[in-house]
Every structure is written in C-alpha cells, then in structure tokens.
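Worksheet for the structure shown next.
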Amino acid sequence: MKEKYFHKLQKEIQILQMRNLRVDADKAWETSFVRRMSIAVVTYFVAAAVMYVIGAGNVFLNALIPTIGYILSTLSLPYIKKWWIKNLR
C-alpha cells in the first residue's frame, strides 16, 4: 500500500516538474529578444503591405512608425510593470 502511494506521489511530482519546465519556457519566450524582433519584423511587413495597398507614399519608411512604436512599448513595459507592482499595495 505504501509503495503504491509512493509511486503515485512520484508521478505527481514528475508531472509538476514537467509543468514547471513548460511554464518557465513560456515565460522566457514572452520576454525573449527573438519574440520581440519577430513581432517587429512581422509588424513592419504587414504595415508596409497595408500602406502599399492603400497607396500611401514612402511605404517602407512609413512602415517603420508602427514598428518603432511596438519596440518602444516593449522596452517601457518592464518599468511600468515594476511601478505597478510597487504601487499595487
């Protein structure tokens, strides 16, 4: 009986450890440079395509505006988060 209970606990611990690895990987991805730059590149090309379709001038230059806005927002958010957490209480 104790052995069965012990194996059940071992399995539950293993499941929790695997879940923690997944959660840690997700957290790392959310703050990664690769993710931010991937979104910035996609934003640039989508903005350029939309501006081309609507006939805006200087498509490739103007597409930098939303891209730079996105990058600046990702740089400022950690500071805003720290401020928010500090002032939460």
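Fair warning: this is a prediction, and the values are worked out from it, not measured in the lab.
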Exercise. Does one hydrophobic cluster hold both Val41 and Trp29, with members joined at side-chain heavy-atom distances below 4.5 Å?
Worked result: no
Problem set entry | For Arg35, salt bridge (Lys or Arg N to Asp or Glu O under 4.0 Å) partners two or more places apart | Glu30
Problem set entry | Flag, side chain of Tyr52 to backbone of Phe60, donor-acceptor distance under 3.5 Å | no
Problem set entry | Leu72 side chain reached by Ser76 side chain, heavy atoms, under 4.5 Å | no
Problem set entry | Verify same cluster id: Tyr79, Trp84 (apolar side-chain graph, 4.5 Å) | no
Problem set entry | Nearest atoms (heavy-atom pairs only) where Thr67 meets Ala63 | OG1-O, 3.0 Å
For this session: For Asn62 and Gly57, indicate whether the former's side chain and the latter's backbone hold a donor-acceptor pair under 3.5 Å.
Result: yes
For this session: Could you tell me whether Glu3 atom CD has more than 12 heavy atoms of other residues or ligands within 6.0 Å of it?
Result: no
Problem set entry | From CD (Gln17) to CD1 (Ile15), nearest 0.5 Å | 10.5 Å
Problem set entry | Shared hydrophobic cluster for Ile13 and Leu21 (ILVMFWY, side-chain gaps under 4.5 Å) | no
Problem set entry | Cluster check Tyr70, Val34: I/L/V/M/F/W/Y, side chain < 4.5 angstrom | no
Exercise. How close do Arg36 and Leu75 get, heavy atom to heavy atom, and via which atoms?
Worked result: NH1-CD2, 4.5 Å
Exercise. Same hydrophobic cluster for Ile71 and Phe33, using side-chain heavy-atom links shorter than 4.5 Å among ILVMFWY?
Worked result: yes
Problem set entry | Test item: Met18 and Gln14 side chains (from C-beta on) under 4.5 Å apart, heavy atoms | yes
Seminar exercise, completed: Here the gap from Asp24 atom CG to Arg19 atom CZ, rounded to the nearest 0.5 Å, amounts to 9.5 Å
Problem set entry | Interatomic distance, Thr43 atom OG1 to Ile65 atom CD1 [nearest 0.5 angstrom] | 13.5 Å
